[in-house]
Every structure is written in structure tokens, then in C-alpha cells.
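As C-alpha cells, the structure follows; a few thoughts come after it.
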Amino acid sequence: MDKLDAIFEMQALLNREIEEKRHLEGIHREEWLQKLTLAMMSEMAELLDGVNFKWWKNPKPVDENYIKEEIVDILHFFVSMALRSGMDAQELFDRYTAKNQENFDRQNGKSKKPGYDVREME
């Protein structure tokens, strides 16, 4: 099993256990996506707090372990979102691959979408 497949499988198991233990079976997909978006935003705010973004405060040493834990927390909620959207690891990979190519094409002026070609700035 590849690593992304393993992550999706572990997250699906955790999601089922949380749903069962906390009696969350009646929540609809749209509400789950709202909840997961808010949870991911909360984790992103925690990550932001860990990297001294507040220019009005004295910086503190960055705790590398804390940063990595927050990134993993974000991944948990992201994978949950993908699962709730009906995506498996393969579909996520395929969509990522296609979008990544489009992003390269945009930067190189090969996309049909205007406004990205760096040569237009010259």
C-alpha cells in the first residue's frame, strides 16, 4: 500500500470511530465540509501563531516540533474533507497531478487562462 493510500485508510477509520463514539451519524455532508473547513482553519491559525507572524510582538523561538504537529493536524482535516467529498487517494493524486500541470502551464504561458504568463510582465 502506498503512503497516501495508508493515510486515507487510517483517516477513514478514525472518522468512523469518532462518528460512532460521539453519535455524529446524522450530520450531512455539507455540514461536515463546513465543520472540517473551520477545524482546518483553526489548525492553520495555530500554525501561524507558531511562526511569529505578529510583527507587533517580540518573536519567540520557533518550536519545530510544534510546527510539524500542526501541519499533521491540518492534514488530518484535509484528508477528512477529501473523504467527505467522495475522493479517495487515487482521485486526489490524479486531480493534484492535473492541477499541478495546469499551474506549470500557467507560469509558462501555455494555459488558456489569461493573466499568468510571466513574459507579459516584460
Side-chain angles (χ1 to χ4, degrees):
M1 175 181 296
D2 108 344
K3 292 175 184 171
L4 188 57
D5 286 323
I7 288 171
F8 268 69
E9 186 176 299
M10 288 186 287
Q11 190 62 47
L13 288 170
L14 179 60
N15 288 353
R16 280 194 296 275
E17 183 163 323
I18 290 170
E19 258 189 70
E20 290 170 10
K21 286 188 175 181
R22 298 191 176 272
H23 308 289
L24 303 172
E25 297 87 1
I27 297 176
H28 297 292
R29 185 178 144 241
E30 183 177 348
E31 187 178 347
W32 268 120
L33 292 172
Q34 292 168 0
K35 289 178 181 304
L36 292 165
T37 300
L38 289 169
M40 193 161 61
M41 289 171 63
S42 174
E43 296 299 338
M44 292 172 83
E46 290 178 20
L47 174 60
L48 193 55
D49 280 337
V51 294
N52 293 312
F53 85 98
K54 296 178 181 176
W55 63 91
W56 61 91
K57 287 180 71 176
N58 296 335
K60 60 184 183 217
V62 174
D63 180 343
E64 295 299 325
N65 189 56
Y66 176 81
I67 299 305
K68 291 174 182 179
E69 286 178 11
E70 294 309 321
I71 291 169
V72 171
D73 288 344
I74 293 165
L75 180 61
H76 270 279
F77 291 115
F78 174 82
V79 173
S80 287
M81 260 201 247
L83 289 164
R84 294 280 176 189
S85 298
M87 262 195 289
D88 61 9
Q90 186 62 54
E91 183 178 356
L92 178 65
F93 178 81
D94 292 344
R95 287 178 176 271
Y96 179 89
T97 302
K99 184 63 177 206
N100 188 278
Q101 183 60 55
E102 172 62 18
N103 288 338
F104 271 104
D105 289 349
R106 287 176 181 176
Q107 294 305 309
N108 294 310
K110 296 177 182 177
S111 174
K112 292 179 181 149
K113 194 164 187 177
Y116 292 93
D117 190 348
V118 174
R119 294 172 296 188
E120 293 173 4
M121 295 174 49
E122 298 170 352

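- Atom CD of Glu43 sits about 10.5 Å away from atom CE of Met40, to the nearest 0.5 Å.
- Not counting sequence neighbours, Lys68 has no partner by the side-chain contact (heavy atoms from CB on, under 4.5 Å) test.
- Between the Thr97 side chain and the Phe93 main chain, a donor and an acceptor come within less than 3.5 Å of each other.
- Within the model, atoms CH2 of Trp32 and CD1 of Ile27 stand 4.5 Å from one another, a figure rounded to the nearest 0.5 Å.
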**OP:** Give the intermediate values and the outcome of salt bridge (charged side-chain N to carboxylate O under 4.0 Å, His left out) for residues Arg84 and Glu19.
**Re:** CA-CA 13 Å; Arg84 294 280 176 189; Glu19 258 189 70; 2.5 Å; yes
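- Residue Val79 is grouped with residue Leu33 when hydrophobic side chains (ILVMFWY) are merged at heavy-atom distances under 4.5 angstrom, including chains of intermediate members.
- Residue-environment remark: CE (Met44) stays at or below the threshold of 12 foreign heavy atoms within 6.0 Å.
- Going from atom NZ of Lys113 over to atom CG of Asp105 covers 13.0 Å, rounded to the nearest 0.5 Å.
- Taken to the nearest 0.5 Å, the CZ atom of Arg29 stands 11.5 Å off from the CD atom of Gln34.
- Counted within 6.0 Å of CD on Glu25, heavy atoms from surrounding residues, nucleotides or ligands total more than 12; the atom is thus considered enclosed.
- Side-chain N or O atoms of Asn100 include none that pairs as donor or acceptor with a backbone N or O of Tyr96 at under 3.5 Å.
- The distance from atom CG of Asp73 to atom CZ of Phe78, rounded to the nearest 0.5 Å, is 15.0 Å.
- Smallest separation of non-hydrogen atoms from Glu91 and Gly86: OE1-O, 3.7 Å.
- With rounding to the nearest 0.5 angstrom, the CZ atom of Phe77 is 9.5 Å from the CE atom of Met81.
- Hydrophobic clustering keeps Val72 apart from Ile74 (ILVMFWY residues linked when any side-chain heavy atoms are closer than 4.5 Å, directly or through intermediates).
- Both Leu75 and Leu36 sit in one connected hydrophobic cluster of ILVMFWY residues. Membership requires side-chain heavy atoms under 4.5 Å apart, directly or through other members.
- Side-chain atoms of Asn103 and Gln107 include no donor-acceptor pair closer than 3.5 Å.
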Anything under 3.5 Å between a donor and an acceptor, one on a side chain of residues 1-16, the other on a protein residue two or more places apart or in another chain? List them.
{"from": "Asp2", "atom 1": "OD1", "to": "Leu4", "atom 2": "N", "distance (Å)": "2.8"}
{"from": "Asp2", "atom 1": "OD1", "to": "Asp5", "atom 2": "N", "distance (Å)": "2.8"}
{"from": "Gln11", "atom 1": "OE1", "to": "His76", "atom 2": "ND1", "distance (Å)": "2.5"}
{"from": "Gln11", "atom 1": "NE2", "to": "Asn15", "atom 2": "OD1", "distance (Å)": "2.9"}
{"from": "Gln11", "atom 1": "NE2", "to": "Ser80", "atom 2": "OG", "distance (Å)": "3.0"}
{"from": "Asn15", "atom 1": "OD1", "to": "Ser80", "atom 2": "OG", "distance (Å)": "3.0"}
{"from": "Asn15", "atom 1": "ND2", "to": "Ser80", "atom 2": "OG", "distance (Å)": "3.1"}

Side-chain donor-acceptor pairs under 3.5 Å in residues 45-55, sequence neighbours left out?
{"from": "Asn52", "atom 1": "OD1", "to": "Lys60", "atom 2": "N", "distance (Å)": "3.1"}
{"from": "Asn52", "atom 1": "ND2", "to": "Lys60", "atom 2": "O", "distance (Å)": "2.8"}

